[in-house]
Peer 1: 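My structure is below; once you've seen it, I'll send some questions.
We count residues from 1, following the sequence as given.
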Amino acid sequence: MNDSLMEQKITNKSAPAETSAAGDSLAELDSYEAFLQKLQQTINNMGDRRIAIIYTDIKHFKYINDTYGYQVGDALLRDFVKEMSTSGSHIICCSRVYSDNFVSAGYVEEGVTNEALRDYIHQVNLEREIQFREKYLNSRLKFCTGISIVDKNSRSFDAETAVSNANLARKVAKEMEEDCCVLFDHSMMEGIKREVEITSQIPKAIANHELKVYYQPKIETESLKLIGAEALVRWQKPDGSFVYPDQFIPFVERSGQIVDVDYYVYREVFRFLADRLAAGSKVVPVSLNVSRIHLSKMSILEYVRDLFEEYRIPAELIEFELTESIYLDNTERALELVTGLHNFGTKVSMDDFGSGFSSLNLLSRLPIDTIKLDRVFLKDDTLQESDKIVISCVVDMARRLRIVSLCEGVETPEQSDYLKEIGCQIQQGYYFSKPISQEQFEKLMDREQVSV
């Protein structure tokens, strides 16, 4: 089946590179314009044959460039070329679209089903991931591939549409943790329509205060007292119905609107705390989530500074949570952001620790105040012995580094008791409380204030 696969030759366009209409100056590739022309000509004359368009990028490739430099990135891509490129009569054309994104087209052998082709490419990706992770010391490197098939029954015989469909499948693949090879399906277009619908409503939702801040309590392990909360966003429409985070957050992250959503939540939390302080009511520190898009803009530092100047609340009442993947994707930029946030006097935590491929050496490099163990460690109601070993080692490591440990996803008394046994300092999860509205959270703090 090798000859039926699209063959690719790529180079690192993330680094400065010269390109021309004739092709890619760093590899023997067609320019994207030439690729589309060749593909369209082939589609026009395909007869009863099938053509596979495969669109691939290398997930977390930017980490290689940022950590080891463009020369290593180029070497990785050239090795990738060597592994994937073979000569064969079924090859049509191949091109780099941009950076580490590339697309190829080739005939599918007669008798090979679309699903069989997908399974084969997926298996090849898995084998190459193992090889490249070992060679380039990057346990997070992953190939994300989308495939579209053009045949005589296709709804469109347009080359650009065929590539767009493959790219859409690739985007779906990139959102998946395990199966990063996806065959295009026209139902995906419904998802695109839904995404457009959601993102078009976000500005109005912000302006009309349809976005509501919910608070999930953080509990001190020893005393079982409320010592903080995480601010989470919910979207309540005028008719009272809710759009939950997993139904809109991925869309606003891709559109860039997550910055506006984050800023809205930040301002609501600052205002809430300032009002409680002015009334002489009990307050606890609140943690705010930071999207990865803030690393590219860095305007978050100016915005947070303005909030502190406007609301005059103590810095120790605010904590910022950056996911583990943010630190790993761009360590130096993350360090700059953490340092800037610390300069305000706020604390910073590493969220979702252990959700992916943790880089433990980051904990000694970054000035992190807290690590939040991902709920994946507590995936079962009954803790397995292997899970206990991992959790206890992480908690002990944090203690030795003088970093506070928090475990989220606590749902049973057995889990809570074990975390107390090993010295995990803070717990969060449905065993104590689900995320609650601001009004409910105020009542909770008021009750604690009276009990004290």
Side-chain angles (χ1 to χ4, degrees), residues 1-11 13 22-24 27-58 77-98 100-129 143-174 179-186 188:
M1 188 184 295
N2 283 3
D3 288 347
S4 68
L5 298 179
M6 303 183 301
E7 310 303 338
Q8 296 104 356
K9 296 182 179 181
I10 53 176
T11 58
K13 197 176 179 181
D24 193 314
E28 297 176 2
L29 291 172
D30 292 317
S31 69
Y32 186 57
E33 292 76 12
F35 170 86
L36 290 175
Q37 291 176 2
K38 288 183 180 180
L39 178 57
Q40 188 63 59
Q41 291 171 1
T42 305
I43 291 174
N44 293 341
N45 298 286
M46 64 185 290
D48 290 333
R49 304 185 75 177
R50 285 176 297 148
I51 300 172
I53 295 87
I54 302 178
Y55 196 120
T56 302
D57 78 1
I58 303 176
L77 291 179
R78 290 191 176 103
D79 278 352
F80 187 67
V81 168
K82 183 178 180 181
E83 287 296 317
M84 295 196 71
S85 296
T86 61
S87 59
S89 59
H90 296 292
I91 300 170
I92 300 170
C93 47
C94 51
S95 175
R96 180 178 61 188
V97 183
Y98 66 91
D100 59 308
N101 283 238
F102 53 94
V103 63
S104 299
Y107 288 115
V108 181
E109 286 182 356
E110 186 176 353
V112 176
T113 66
N114 296 345
E115 289 73 19
L117 176 64
R118 189 218 74 91
D119 291 344
Y120 176 80
I121 294 174
H122 178 50
Q123 185 59 40
V124 170
N125 280 352
L126 293 177
E127 292 171 359
R128 287 178 178 138
E129 284 169 10
F143 302 121
C144 299
T145 299
I147 308 166
S148 68
I149 304 294
V150 177
D151 59 30
K152 63 181 181 180
N153 297 317
S154 295
R155 298 184 186 182
S156 173
F157 291 90
D158 177 77
E160 290 193 34
T161 300
V163 173
S164 177
N165 290 345
N167 186 30
L168 176 56
R170 190 267 310 176
K171 291 179 180 179
V172 172
K174 199 164 186 177
D179 191 352
C180 284
C181 186
V182 172
L183 193 66
F184 172 78
D185 185 279
H186 283 282
M188 294 177 184

Peer 1: Grab the two heavy atoms, one from Lys174 and one from Cys144, that are nearest each other, plus how far apart they are.
Peer 2: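 Looks like CA-SG, 3.8 Å.
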
Peer 1: One pair to check against side-chain hydrogen bond (donor to acceptor under 3.5 Å, both in side chains): Asn44 and Gln40. What are the steps and the verdict?
Peer 2: CA-CA 6 Å; Asn44 293 341; Gln40 188 63 59; 3.0 Å; yes

Peer 1: Between Cys181 and Ile147, what is the shortest heavy-atom contact and its length?
Peer 2: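 In this case the closest contact between Cys181 and Ile147 is SG-CD1, 3.8 Å.
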
Peer 1: About how many Å separate CG of Asp151 and CD1 of Ile43, when rounded to the nearest 0.5 Å?
Peer 2: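 Result: 11.0 Å between the selected atoms.
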
Peer 1: Applying side chain to side chain contact (heavy atoms under 4.5 Å, CB included) to Ile53 and Phe184, what does each step give before you reach the verdict?
Peer 2: CA-CA 10 Å; Ile53 295 87; Phe184 172 78; over 6 Å; no

Peer 1: Between Tyr32 and Arg96, what is the shortest heavy-atom contact and its length?
Peer 2: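 It is CB-O, 4.4 Å.
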
Peer 1: If every non-hydrogen atom of Ser31 is compared with every non-hydrogen atom of Ser95, which pair is closest and at what distance?
Peer 2: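 In terms of heavy atoms, the two residues are closest at C-OG, 3.5 Å.
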
Peer 1: Tell me which pairs pass salt bridge (charged side-chain N to carboxylate O under 4.0 Å, His left out) where either residue lies in residues 37-48, with sequence neighbours left out.
Peer 2: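 Listed once each, the pairs are Asp30-Lys38, Asp48-Lys152.
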
Peer 1: Phe143: which residues meet the ring pair (Phe, Tyr, Trp, His ring centres under 6.0 Å) condition with it, sequence neighbours left out?
Peer 2: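 With neighbours one apart ignored, the set is Phe80, Phe132.
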
Peer 1: What distance do Ile58 atom CD1 and Phe102 atom CZ have between them, rounded to the nearest 0.5 Å?
Peer 2: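 These two atoms lie 6.0 Å from each other.
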
Peer 1: How about Phe35 and Val163: do any of their side-chain heavy atoms sit closer than 4.5 Å?
Peer 2: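 With C-beta onward as the side chain, the pair touches.
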
Peer 1: Between Ala162 and Ser148, what is the shortest heavy-atom contact and its length?
Peer 2: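 Where Ala162 meets Ser148 most closely, the heavy atoms are O-OG, 2.8 Å.
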
Peer 1: What distance separates Gln123 CD from Arg118 CZ, expressed to the nearest 0.5 Å?
Peer 2: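 One gets 10.0 Å once the value is rounded to the nearest 0.5 Å.
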
Peer 1: With side chain to side chain contact (heavy atoms under 4.5 Å, CB included) as the test, would you mind laying out the steps for Ile51 and Leu39 before giving the verdict?
Peer 2: CA-CA 9 Å; Ile51 300 172; Leu39 178 57; 4.1 Å; yes

Peer 1: After noting the C-alpha distance and the side-chain angles of His122 and Leu126, does the key distance pass the side chain to side chain contact (heavy atoms under 4.5 Å, CB included) rule?
Peer 2: CA-CA 6 Å; His122 178 50; Leu126 293 177; 3.7 Å; yes

Peer 1: Please determine whether side chain to side chain contact (heavy atoms under 4.5 Å, CB included) holds for the pair Leu183 and Asp185, giving the CA-CA distance in whole Å, both sets of side-chain angles, and the decisive distance to 0.1 Å.
Peer 2: CA-CA 6 Å; Leu183 193 66; Asp185 185 279; over 6 Å; no

Peer 1: Is there a side-chain contact between Asp57 and Val97 (heavy atoms, below 4.5 Å)?
Peer 2: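 Asp57 does not reach Val97 side chain to side chain.
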
Peer 1: By side chain to side chain donor-acceptor pair (under 3.5 Å), which residues pair with Thr145, not counting sequence neighbours?
Peer 2: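 Residues passing side chain to side chain donor-acceptor pair (under 3.5 Å) with Thr145: Thr56, Asn125.
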
Peer 1: Specify the closest pair of heavy atoms between Arg50 and Asn114, including all atoms of both residues, with the distance to one decimal.
Peer 2: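 Shortest heavy-atom separation between Arg50 and Asn114 comes out as NH1-OD1, 2.7 Å.
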
